[in-house]
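Here is the naming used below: chain letters follow the sequence lines, and residue numbers restart at 1 for every chain.
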Amino acid sequence: MKNFVEELRWRGMIHDVMPGTEEMLQKEMVTAYVGIDPTADSLHIGHLVSIMMLRHLQRSGHRPVVLVGGATGMIGDPSGKSQERNLLDEPTLRHNQECLKGQIAHFLDFDSEAPNKAVMANNYDWMKEFSFLNFIRDVGKHITVNYMMAKDSVKKRISGENGEGMSFTEFTYQLVQGYDFLELYRTLGCRLQMGGSDQWGNITTGTEMIRRIAGGEAYALTCPLITKSDGGKFGKTEQGNIWLDPDRTSPYQFYQFWINVSDTDASKYIRIFTTRLKEAIEALEAEHAQAPHLRVLQKALAHDITCDVHSEADYIAAVEASEILFGKGTTETLHRLGEKTLLSVFDGVPRFNIAKEVLDNGCNILDLLAGQTSIFPSKGEARRTMKDGGVMINREKVAEDTVINTAQLLNGRYLLAQRGKKNYYLIIVG
RNA sequence: GGGGAGGUACCAGAGCGGUCAAAUGGGGCAGACUGUAAAUCUGUUGGCACAGCCUUCGGAGGUUCGAAUCCUCCUCUCCCCA
């Protein structure tokens, strides 16, 4: 049995561990879980940290449980800055759960006959019939308000400077989540809950419940919040979240996200989001230090995670597209591309459709970019960016008096517009 | 219920009768340098038919040649006392 805690430790994935956790995991196969809110039918990369913890857990010979928070997701965790949640109806909940499972199955083994195959549970299943009266009698009785009040998440909300107070519902959250742990302890023998560092308080309420109600021992392990070296939020771009669902975030955009990670972040992320060995990662870092412009770290990171989330083929397509877009591509190479390659290269690049008539008599570039399409929100902004030399059509800089006509079309019906270095748009004519 | 402070652009925050499309900082966007990195520097950041015009300073009215700035009412937020 591999030392799971040690594995997470060198990967920088441990924020806090309850004493005794490591010893237990060394002794025998342990069942452990993390919770995920089924608020959407896709995960985003923020969820990936939890999933990777489970993956390392399973690879170390233990049994991972994914707990879908159908019930808890309706309440809203006061630890985060999360707003009031919307209630999901049951069909949506089930649909989301199935979608999430499909994505998580890329990382965990749910189907084999191995004794440590992964399990998925949904707390809605045991909470939906639980009456309020039964809950306060069987669960609430065992935990004192004093104990609950001592949690940082609660204290912050009650005495905080921007203290808006907290509703009873939110206050109860830790009991509901704690009860999940108890339930999983009873039904699956689950003895460890993992999560982000903001979950520590909630997790320990669970271990406390297991101790008081079931007389058992359970443990907690949290990982640090993933940050960016520049202080920004991890996993967010101007376009929003980076999703695992290819319809929300194309494999090309997904790959680009990881390729664009800064050097300091790449070192950190490659430990967290890949299963590469310590020595291999250190070797890559040495290589990267020798020739930083080659960005071997980013490339390795993007490779592993794109293949895991999407597929080898998607990865290759993303690399090819990136080479054409960011390599030595010129207007000539663009014109030489066949329609099929062109479309596959620009799969995942935002598209705009315009009528052919627009170009018949030539169309002013401003009107094309800020009228016919919404590449720019206003002509003024398009004009400004052009003045700075930030706009290209088919990889050639254009000025505000440029007129676009059908002669410039690629393959007779495409235009490649570029705003700045990294933003591409495909205009389809016809 | 009583008293006070205040609502200004994406955010924070100046301005308190004309020179205000509104200081400054942050953020955003773009450029240079590089490696599609970081740091740095530069430009830009309401719209348009762009040396001009139009719409903006919580909302509605009013005073004035002229209002983000003064007055009235409404509205929302925050603080203190009860």
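- Note on A:Arg384: a side-chain N or O is less than 4.0 Å away from OP1 or OP2 of B:G47.
- Among the protein residues, A:Thr264 comes within range of no part of the nucleic acid, since none of its heavy atoms lies under 4.0 Å from any strand.
- Comparing the same atom, P, in B:C78 and in B:U64 gives a spacing of 38 Å after rounding to whole Å.
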In 5'-to-3' order, the base (B), backbone-only (S) or no-contact (-) status of each nucleotide in nucleotides 48-57 of chain B, using a 4.0 angstrom heavy-atom cut-off, is SSB-------
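- Nucleotides B:A51 and B:A38 place their P atoms 37 Å apart, quoted to the nearest Å.
- Of the side-chain N and O atoms in A:Asn423, one or more sit less than 4.0 angstrom from OP1 or OP2 of B:A30.
- Look at the P atom in both B:C74 and B:G25: the space between them is 40 Å, to the nearest Å.
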For residues 56-71 of chain A, which side-chain N or O atoms pair as donor and acceptor with protein atoms under 3.5 Å away, sequence neighbours left out?
| residue | atom | partner | partner atom | Å |
| --- | --- | --- | --- | --- |
| A:Gln58 | OE1 | A:Asp109 | N | 2.9 |
| A:Gln58 | NE2 | A:Asp109 | O | 3.1 |
| A:Gln58 | NE2 | A:Asn116 | O | 2.9 |
| A:Ser60 | OG | A:His56 | O | 2.8 |
| A:His62 | ND1 | A:Val30 | N | 2.9 |
| A:His62 | NE2 | A:Leu25 | O | 3.3 |
| A:Arg63 | NE | A:Thr31 | OG1 | 3.1 |
| A:Arg63 | NH2 | A:Thr31 | OG1 | 3.4 |
| A:Arg63 | NH2 | A:Leu188 | O | 2.9 |

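- Between B:A30, B:U44, B:U36, one nucleotide has an atom nearer to the side chain of A:Asn260 than all others, and that is B:U36.
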Taking it one step at a time, do A:Lys117 and A:Asp111 satisfy salt bridge (charged side-chain N to carboxylate O under 4.0 Å, His left out)?
CA-CA 7 Å; A:Lys117 75 169 186 176; A:Asp111 299 317; over 6 Å; no
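- Mapped onto RNA chain B by nearest heavy atom, A:Ser322 and A:Arg419 fall at different nucleotides, with A:Arg419 at the one closer to the 5' end.
- Residue side chain A:Asp388 does not reach the base of B:U44 through any donor-acceptor N/O pair under 3.5 Å, judged by distance alone.
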Where do N or O atoms of nucleotides 32-35 of chain B meet protein N or O atoms at under 3.5 Å, pair by pair?
| residue | atom | partner | partner atom | Å |
| --- | --- | --- | --- | --- |
| B:U34 | O4 | A:Lys421 | NZ | 2.7 |
| B:G35 | O6 | A:Asp263 | OD2 | 3.1 |
| B:G35 | N1 | A:Asp263 | OD1 | 3.1 |
| B:G35 | N1 | A:Asp263 | OD2 | 2.9 |
| B:G35 | N2 | A:Asp263 | OD1 | 2.8 |
| B:G35 | N2 | A:Gln298 | NE2 | 3.3 |

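- Taking atom C1' in both B:U8 and B:A14, the straight-line distance is 9 Å, to the nearest Å.
- Pairing of B:G43, defined by two Watson-Crick or G-U wobble distances under 3.5 Å, is identified with B:C29.
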